[in-house]
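All of these numbers come straight from a predicted model, not from anything done at the bench. The analysis underlying the following values was restricted to heavy atoms, covering all of them including side chains, and did not include hydrogens, waters or symmetry mates. Numbers here are sequence positions counted from 1.
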Amino acid sequence: MLFTGNMEPLFGVLLGLILAVASSAENNCTCVPNKWMVCANKWMVCAQDASGNCTCMLVGSNHKVDCSTLTSKCSLMKAEMMPLKEKRFQGHPCGLLDNDGIYNPDCKDSGIFKARQCNQTDTCWCVNTAGVRRTKKGGKSLSCGELVRTSWIYIELKHKKRSRAFDVPEVANALKQMFQSHKLHPKYIAAIKYDSPLIQIGLNRNDSEKSRCDIDIADVAYYFEKDIKDDSVFHSNSTLTVSVNRDALDIEKLQIYYIAEKPPEFCMRHLVSGISAVVAVVILSAGFGITVLVVLKWLRTRK
């Protein structure tokens, strides 16, 4: 009886701890990741619903995270802007306005960008499927029409100087594995070229080859950019090191070019104005030439 009596207080404390943990678990949960899950990112909040199912949402929206695929670039940008947006209303009203690099985007329910984006000053512009501005900025009356598809992405990397260049096939293999870790099908990797210290990557998306489950190259490029800049979306990769045969690939420069099916409108305006200038010069030159010929002919007739 003495043994039983001493154990009763300990059993009561243990039972209390179990109940406390169970109560806490009703409101918080985590999605246990596996090799097919790519949603365990730092912008995700998970909670159990009334049925006990674990549901994960992106910060700042009602967008449910689909753990079978990458979260879209538009949805991620919106989640990333939430803490910045809170800071802006705490005394920085103009800190992030008119920024082409990162902005608080308008996304469709599917997670893709809306063709027209606007900021808090009623300034609007048109974007492509990668969320990159393709027109001059205007007012609320700006009409964008269709969302122009991004079909090509060129990535240029430059690593730090080293005494010996990497092996070309090993560089290509390391980068292919990195893209495939984000579930990009190898068929969309058009080329990987390496001429130390420059690395060039081409991603090509052909809708005739793309299935419903394939990852968008613009989303993959966004994840890739964050990985290279040590700002990975995933908790476990926050200090990601890109390596080639266990040798760190120290990237010191990164540039990404998004090529859409239709050229940016401001580029077309420059092209049109350039062509107009050339035509004007040709017309003036032709007119001057004709005038000279007429004067010479008139001088000959006077002799």
With [X] via side-chain contact (heavy atoms from CB on, under 4.5 Å) - residues at least two apart:
X	result
Ser141	none
Ala130	Lys73, Asn128, Val132, Thr150, Ala218, Tyr258
Pro105	Cys74, Met77, Lys78, Tyr103, Cys107, Phe113, Gln117

Does [X] have any salt bridge (Lys or Arg N to Asp or Glu O under 4.0 Å) partners at least two apart in sequence or in another chain, and if so, which?
X	value
Glu156	none
Asp122	Lys140
Glu146	Lys262
Lys161	none

Pairwise disulfide (SG to SG under 2.5 Å) hits with a residue in residues 133-165, at least two apart: Cys126-Cys144
Look at the side chain of [X] and the backbone N and O of [Y], then say whether any donor-acceptor pair between them is shorter than 3.5 Å.
X	Y	value
His185	Lys187	yes
Arg116	Gly145	no
Ser72	Gly111	yes
Arg149	Glu261	no

In short, salt bridge (charged side-chain N to carboxylate O under 4.0 Å, His left out) pairs touching residues 241-256 with sequence neighbours left out are Arg162-Asp247
Are a donor atom and an acceptor atom from the side chains of Asp227 and His182 found within less than 3.5 Å of each other? yes
Those residues that, when tested against Phe179, pass ring-ring contact (aromatic ring centres under 6.0 Å, His included) (two or more places apart): Phe224
Hydrophobic cluster mates of Ile259, side-chain heavy atoms under 4.5 angstrom, ILVMFWY only, any path? Trp152, Tyr154, Tyr257
Hydrophobic clustering (ILVMFWY, side-chain heavy atoms < 4.5 Å, transitive) - are Ile228 and Ile192 grouped together? yes
Name every donor-acceptor pair, under 3.5 Å, that has one atom in a side chain of residues 164-178 and the other anywhere in the protein, sequence neighbours excluded.
none

